[in-house]
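None of the values given here were measured: they were computed from a predicted structure. Chain identifiers are assigned alphabetically (A, B, ...) following the order of the sequence lines, protein sequences preceding nucleic acid strands; residue numbering begins at 1 within each chain.
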Amino acid sequence: MDRNDIESKMKELLVEELGLDEDKITMSATFEEDLEVDSLGVVELLMALEDNFGVQIPDEEAESLVTVGEAVDLVEKKLNA
Amino acid sequence: MSKVALVTGASRGIGRAIALRLAADGYSVGVNYASSAAKAEEVVAEIVAAGGSAVAIRADVADADEVNAMFATISEELGSVTVLVNNAGITDDGLLLRMNADQWDRVIATNLRSVYLCTKAALRGMIRAKGGRIISVSSVSGISGNPGQANYAASKAGVIGFTKSTAKEVGSRGITVNAVAPGFIATDMTDALGEEVTEAATHQISLGRLGSPEEVASVVGYLASDEASYITGQTIVVDGGLAL
């Protein structure tokens, strides 16, 4: 899976699982401020990422996620690990 | 949406009454049990005979793997759980000075760790569905304390704190989390107390009698229903006026 695939899957999950507006989702958008995702929403996203990409994301790594692009980076890193 | 309820410790006592009540209210019911397979099958048979749907599922609710396997099974056989009733509980009484660490650990594991494990497992589906009901059975012992029950009372007070915290965490997803705190209810658990204790307790109860499991189940049925949509984080005491 290359980066473009991860990005498009990430967008799809944000729309489907968190009900976000697709037009607002950019790689530089921040979860908390730009997308108004609350802490439980971030947990929901993590669960969806783990289920869909088959990766494990420990809480300490998840805590530092601020933007959508960083989440893509993290999934990419996990898939290549 | 299909209505699926999972009741832990549902082979007898209050759990059994809750399973029968929710089945009568139209839920497909997962009847969890730890060791009383025959009793659990009787509950299932009674539900099916009345035209309802139920399956018996064995799991030690204090064991994470068994809890996850139970949720996988119920999800496959009945669908995603929309109402979880954390009812499974044990007592292992003794004055604190004589209570060993095993007695403490076993009661806390079965009565409190189970609530954490089962609620966590149920919430995944409920958050996705943006709705659901978690109802845990606490006890007046957890509110007022009871000599000889430091372990049990601590576990049941723990359920109340857990209920409040979880209610705050998942309220934004339309999920309510509540507890019921029964007083003296006529079950095997209170039978074990002996006539003398029961007799003495009855004098403390405003209504002058023990409660029935069905009288607890009706409150659980209400909390599970749409009627209770604006109640969360609460502990409803069902004790006939004992703890006044």
In this structure, are over 12 heavy atoms from other groups packed under 6.0 Å from [X] atom [atom1]?
X: A:Glu50; atom1: CD; result: yes
X: B:Arg12; atom1: CZ; result: no
X: A:Lys78; atom1: NZ; result: yes
X: B:Lys130; atom1: NZ; result: yes

- Message: Let me confirm one number: the CG-CG distance from A:Leu40 to B:Leu123, rounded to the nearest 0.5 Å.
- Response: 8.5 Å
- Task: Could you tell me whether the side chain of A:Glu17 reaches within less than 4.5 Å of the side chain of B:Arg128, counting heavy atoms only?
- Result: yes
- Note on the structure: residues 158-172 of chain B vs chain A, non-hydrogen distance cutoff under 4.5 Å, contacting residues -> B:Glu169, B:Val170, B:Ser172
